[in-house]
Structure formats: structure tokens, C-alpha cells
Amino acid sequence: MEVVHTIPELREAVARARADGQTIGFVPTMGCLHEGHLSLIRRAKQEAGFVLVSIFVNPTQFGPNEDFSKYPRAFDADQAGCAQAGADLIFAPSTEAFYAADATTTVQVAGVSAGLCGEFRPGHFDGVATVVAMLFNATQADVAIFGRKDLQQLAVIRRLVRDLHFPVRIIAHETIREADGLAMSSRNRYLATDDRKKAAVIPQVLEVARKLAQSGVTDSAQLCSAATRLLAAEPAVRLQYCEIVDLESMAKVPDISGRKCAIAIACHLGATRLIDNLDL
Ligand code: PAF
């Protein structure tokens, strides 16, 4: 497995793989890889001959009061994980190698970016859409794998690819969960031991909503209030939002009948913000 840090090196490695007749699979990450990321890499390996992983903590998707400087970084362990999961190349640029010092171009995916996390993290999805567009251009990947856990990010990227005609196929990979159901996230390691145990209520309330939906309840307000009532029983978990949204547009749906939709939730435990979702 090769590691490169600049765009010319990346392009050369990709050109070599293409000259060997390989298709390019891509897994964009911000590093600090856990089993969820490794399963994306393994999935990429099933979809393409040559798998490229980017490791870049993208400053433009963090707000001024967010955790950019303390976002966990673990390059040596990441390298070992990528190799073990079957990656062929890591692209790990510095901010200076990736963004021009006076860059002024941004990509905004209006609408899809507006609600849910977009409401509470202004500018976040502009940063994500911009860096992912840059990564698609830099890597020229044929297929890219994204986790379903970041539901709104997935919808933003699908729309970006559709609207701007990026020649890349997007694959959504299932959310990988801990034994107690908590969705894997690099931010889980911020949780104090006690909070970590309490965080298991998050997937439980989503399951409650799903079971209710399966039993025939279609009213979104009723489904959300059943979920949030249960969450309120654990005061350490502070709800930021609980919404039922259309999977493609991320618009709120008042009734789930005949729609492809998901229940999405964001909450805080201490200073740590966690998100999760479940298809209904
Ligand atoms: O999901 C992430 O880790 C990031 O948002 C991504 C897609 C790598 C862009 O920085």
C-alpha cells in the first residue's frame, strides 16, 4: 500500500492503476478510522480493483466553535487499518497541499443541506460538498462509498454528483454499530464512560419509532414524539432534533405512507454531538 501527500503523486498513482486496467474505488475519510470505515474500504474492494482512501481533516466543514483542532488524529493506526482492510493507496494531503491559500470557490447544495444538521451547523455542508467535489476531481474515482450513518451528507453528495455530472457512482453502505447498537463514530471516543453507556438509548429510540411504523403508525409527529419521550427518560442525552425526512430531498414529511423516508436524530452527551438514523 502506497501513501501519497500531493495531488501530482495521487494522479500518477491513479494513472498507473488505470494503465493496469483497474477501476478506482474511493473512500473519503477524516481519519481516526474505526470498524465502520474499514467496512467501507472492504466494500470498495468488492466494487473496484484499486482502492484509494483519503485521510484529510477538512477545516472548511467545521464551524468556528466546533472541534477541528481537537478532532482525533491517528495516522499510524489508520495506515495499518487501511492496509489490513485492503486499500491500495492513501491520499493524505496537508491543508496547504489541498487548498490554494487564496481559494474562493465553494460548492453549495441548496435545499438538501438546509434542515437537520444544516440548521445547527451553518456552512458545514458547503465545506463537505466543496471538499468532496475537490476529492472527486483529484481522484477521478469510478465509485465512492459513503456510510448511511451520515444520512444528510449522503443525500448532499448524491445531489452534487447528479447536478454537476460527476462521473462517479455513489454507494451507500450500512451503518456499522457497536454491540449495544450505538452507531460507530470517531466522536464516540470523546464520551465519558458513563455517557458512553447512556448513548445506547439513541439507537433504541430509533428502533421504537421503526416498530411503531411497522405496526401501522404513519403520522410523523406521533412517531417522533414516541421516540423523544423515551429519550427524555435519559436526561444526560440532550436532544437537538428528531425529524422524519424524505431520503432523497431531506425534506420533512408529515406522514410516511408511500414514502422512502428515515427518522434522523442528533443529540449531545456532555460536549459530544452524536447523530443516527433509521429507515422507516
Ligand atoms: O464523512 C466524513 O468523514 C467527511 O465529511 C468527508 C466525507 C470525508 C469529507 O470531509
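Just follow the structure's listing: the first ligand is 1, and inside any ligand the first atom is 1.
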(request) Sorted by first residue and then second, give each side chain to side chain donor-acceptor pair (under 3.5 Å) pair with at least one member in residues 110-137; sequence neighbours left out. (result) E66-R121
(request) Give every residue pair that meets the side chain to side chain donor-acceptor pair (under 3.5 Å) criterion with at least one member in residues 174-183, sequence neighbours excluded. (result) R177-D276, D180-R196
Please tabulate protein-ligand N/O pairs under 3.5 Å for ligand 1, atom names and distances to 0.1 Å.
unit_1: ligand 1; atom_1: 1 (O); unit_2: Q153; atom_2: OE1; d: 3.4
unit_1: ligand 1; atom_1: 1 (O); unit_2: Q153; atom_2: NE2; d: 2.8
unit_1: ligand 1; atom_1: 5 (O); unit_2: Q61; atom_2: NE2; d: 2.9
unit_1: ligand 1; atom_1: 5 (O); unit_2: Q153; atom_2: OE1; d: 2.7
unit_1: ligand 1; atom_1: 10 (O); unit_2: Q61; atom_2: OE1; d: 2.6

(request) Output all residues satisfying side-chain hydrogen bond (donor to acceptor under 3.5 Å, both in side chains) with K198, sequence neighbours left out; order by chain, then residue number. (result) D194
(request) Before accepting this row, confirm whether a basic side-chain N of the pair R187/D67 lies closer than 4.0 Å to the acidic partner's carboxylate O. (result)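 Looking at R187 and D67, the cut-off is met.
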(request) Establish, for the pair K70 and Y190, whether the NZ or CZ atom is under 6.0 angstrom from the six-membered ring centre and no further than 45 degrees off its axis. (result) yes
(message) How about CD on E35, more than 12 heavy atoms from neighbouring residues, nucleotides or ligands closer than 6.0 Å, or not?
(response)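 It does: E35 CD has more than 12 such atoms within range.
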